[in-house]
2 protein chains.
Amino acid sequence: MGLSKREQLLRTALALFKKHGFHAIGVDVIAHRSGVTKKTLYHHFRSKDELILAVLRYYDERFRNHFIRQVESRAKTPLRRLTALFDVAKDWFNENDFYGCLFVGALGEFPEPDTAIRNACRESKNLMRDYFRELAEGAGASKPKELADQLLLLMEGAITMAQVNHSPFSAQQAKAAARVLIRNARSSAQ
Amino acid sequence: MGLSKREQLLRTALALFKKHGFHAIGVDVIAHRSGVTKKTLYHHFRSKDELILAVLRYYDERFRNHFIRQVESRAKTPLRRLTALFDVAKDWFNENDFYGCLFVGALGEFPEPDTAIRNACRESKNLMRDYFRELAEGAGASKPKELADQLLLLMEGAITMAQVNHSPFSAQQAKAAARVLIRNARSSAQ
DNA sequence: TTTAAAGTATACAGATCAGTATATTTTAAT
DNA sequence: ATTAAAATATACTGATCTGTATACTTTAAA
């Protein structure tokens, strides 16, 4: 047996939202392309907003897990992993279905503050930041939180510019900048 | 006499697109809130897409001019201006109608490559990058283009994180990182 | 003062939007 | 085999979407 209907709906909606955004995609096309009726969609999700939220959570966990796993397999020390972040990002930017950060897209389409959708986006970035901080500590940075936040800015900037230029080159630029920031943070540690 | 109808439409549409994005805002509400009929809207713009494009161009020129003017008035040497970029960004993040970068929002909603809308977004970022490069050269960086691109990554990252956290603090984090990158680029110049 | 452009008011077309209703069929566990 | 949940097919509501049509009025320049 294949995927559950719920999982099928989440996957289809994710692919469509990634490419076209949220308001441009209707529930009809999501149901149809999932091989499911609209009634079934509304059986699993009370509303389109709830589906969107479920998609964000679904994607958040899978993406971050995959990203971190890639980093961990590619480099074996916290110091090396700090730069490997940008190698993994480069692979991501090269994927066919890369259309920028889904969460940033959601923030741009749902302005109401303190809503479930916006909070999910912030939480996702926070969890990634936590991983950066863990690595920065392990790498012996003098102020690991500051270094992690700076590297996160480079990462987010690289994501944006990869989308703008339809090129993964920003990942290399960010990696070069990251090396400077890391060296600086470690030398001030002495 | 007040603004021309065309200008009024551009301003209204800009404010609405900035907050809600593009697909979530209909031409009816734009016309109505401009105090204009839909017929008049379609007299000035052939389609909604053309209105969107006009809004992007309108905003691009005004925003960049304003941004650069602020930088130039706040600091008087290229070196100081390189860090002043992030002070001006902080003011921007503090504005009531700050909802992230309009162009990044457009990229998230219009996936079709090589379209007028996407090209306008890329062009806008290119022009800002050119200004960064001009400053980096004037500041005596060893590789001014590289420094400028790195600072642009920090800037874009700061914009994203300001929206995520609804806080201008990312501007200060980016400024601190920028200082390190600038110092490094100037010391390797010797 | 004539005249053409720009504007208004209003309604409409045809499509699509989110979400619901009805009635039937499949599925899976007891 | 029975039964309840899950799914189907289909149609519908009422709203909203982009874009157009018709008929009338204002505006501003020649």
Side-chain angles (χ1 to χ4, degrees), chain A residues 1-58 105-106 108-112 115-118 120, chain B residues 1-58 105-106 108-112 115-118 120:
Chain A
M1 204 209 89
L3 300 166
S4 73
K5 304 289 179 185
R6 189 190 148 89
E7 179 102 5
Q8 188 60 52
L9 282 162
L10 287 173
R11 290 197 184 194
T12 304
L14 173 58
L16 291 169
F17 289 152
K18 274 166 94 170
K19 177 162 186 181
H20 297 96
F22 300 90
H23 286 103
I25 295 295
V27 290
D28 293 85
V29 63
I30 295 171
H32 184 258
R33 294 192 38 173
S34 301
V36 143
T37 61
K38 215 157 40 149
K39 186 109 187 173
T40 301
L41 187 156
Y42 279 101
H43 173 74
H44 288 288
F45 309 99
R46 304 166 96 98
S47 65
K48 187 188 178 184
D49 270 19
E50 214 169 82
L51 169 62
I52 290 171
L53 189 59
V55 166
L56 291 175
R57 295 203 222 271
Y58 176 83
E109 292 198 56
F110 298 94
E112 249 49 65
T115 51
I117 289 178
R118 287 189 77 92
Chain B
M1 203 210 87
L3 300 167
S4 72
K5 305 288 179 184
R6 189 188 146 88
E7 178 100 6
Q8 187 60 51
L9 283 162
L10 287 173
R11 291 199 183 194
T12 304
L14 173 58
L16 291 169
F17 289 153
K18 275 167 91 170
K19 177 162 185 181
H20 297 95
F22 300 90
H23 286 104
I25 296 296
V27 291
D28 294 83
V29 64
I30 295 171
H32 185 257
R33 294 192 35 172
S34 301
V36 145
T37 61
K38 220 164 27 157
K39 186 113 188 170
T40 301
L41 187 154
Y42 279 101
H43 173 73
H44 289 287
F45 310 97
R46 304 165 98 99
S47 66
K48 187 188 178 185
D49 270 19
E50 216 169 80
L51 169 62
I52 289 171
L53 189 58
V55 166
L56 291 176
R57 295 203 223 270
Y58 176 83
E109 291 197 56
F110 298 94
E112 248 50 63
T115 52
I117 288 178
R118 286 188 78 91

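Proteins get letters first, then strands, A, B, ... in listed order; numbering begins at 1 in each.
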Undergrad: Determine whether a donor-acceptor pair (N or O, by modelled atom type, separation under 3.5 Å) exists between the side chain of A:E50 and the backbone of A:R46.
TA: yes

Undergrad: Heavy atom of residues 32-50 of chain A under 4.0 Å from DNA chain D: which residues?
TA: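 Listed by number, they are A:G35, A:V36, A:T37, A:K39, A:T40, A:H43, A:H44.
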
Undergrad: Using whole Å, what does the distance between atom P of nucleotide C:dA18 and atom CG of A:D28 come to?
TA: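 The distance from CG of A:D28 to P of C:dA18 comes to 7 Å, rounded to the nearest Å.
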
Undergrad: Please assess B:Q8 against B:V36 for the test side-chain contact (heavy atoms from CB on, under 4.5 Å), listing each intermediate value before the final yes or no.
TA: CA-CA 9 Å; B:Q8 187 60 51; B:V36 145; 5.6 Å; no

Undergrad: Can you check the B:I30 CD1 to D:dT16 P distance for me, whole Å?
TA: 16 Å

Undergrad: Send over the distance from A:R6 CZ to D:dA5 P, rounded to a whole Å.
TA: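 After rounding, the reported distance stands at 19 Å.
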
Undergrad: Evaluate the criterion side-chain contact (heavy atoms from CB on, under 4.5 Å) for residue pair A:K39 and A:H43; output intermediate values, then yes/no.
TA: CA-CA 6 Å; A:K39 186 109 187 173; A:H43 173 74; 5.8 Å; no

Undergrad: Round to the nearest Å and state the distance from A:L16 atom CG to C:dC17 atom P.
TA: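 Going from A:L16 (CG) to C:dC17 (P), I get 12 Å.
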
Undergrad: Could you tell me how far apart B:L9 (CG) and C:dA6 (P) are, to the nearest whole angstrom?
TA: 14 Å

Undergrad: Tell me whether the rings of B:F22 and B:F110 are parallel (<30°), tilted (30 to 60°) or perpendicular (>60°).
TA: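 The rings of B:F22 and B:F110 stand perpendicular, inter-plane angle above 60°.
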
Undergrad: Considering only heavy atoms from C-beta outward, does the side chain of A:V27 approach that of A:Y42 to under 4.5 Å?
TA: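 In contact.
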
Undergrad: side-chain contact (heavy atoms from CB on, under 4.5 Å) for B:F45 and B:L10? Distances and angles first, verdict last.
TA: CA-CA 10 Å; B:F45 310 97; B:L10 287 173; 3.8 Å; yes

Undergrad: Rounded to whole Å, please give me the gap between NE2 in B:H20 and P in D:dC17.
TA: 12 Å

Undergrad: Remember a base hit wins even if backbone is also touched, and classify A:I25 as base, sugar-phosphate or nothing at under 4.0 Å, heavy atoms.
TA: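 The residue A:I25 makes sugar-phosphate contact but no base contact.
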
Undergrad: Roughly how many Å is it from NE2 in A:H23 to P in D:dT16, rounded to a whole number?
TA: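 Taking atom P of D:dT16 as the reference, NE2 of A:H23 is at 14 Å.
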
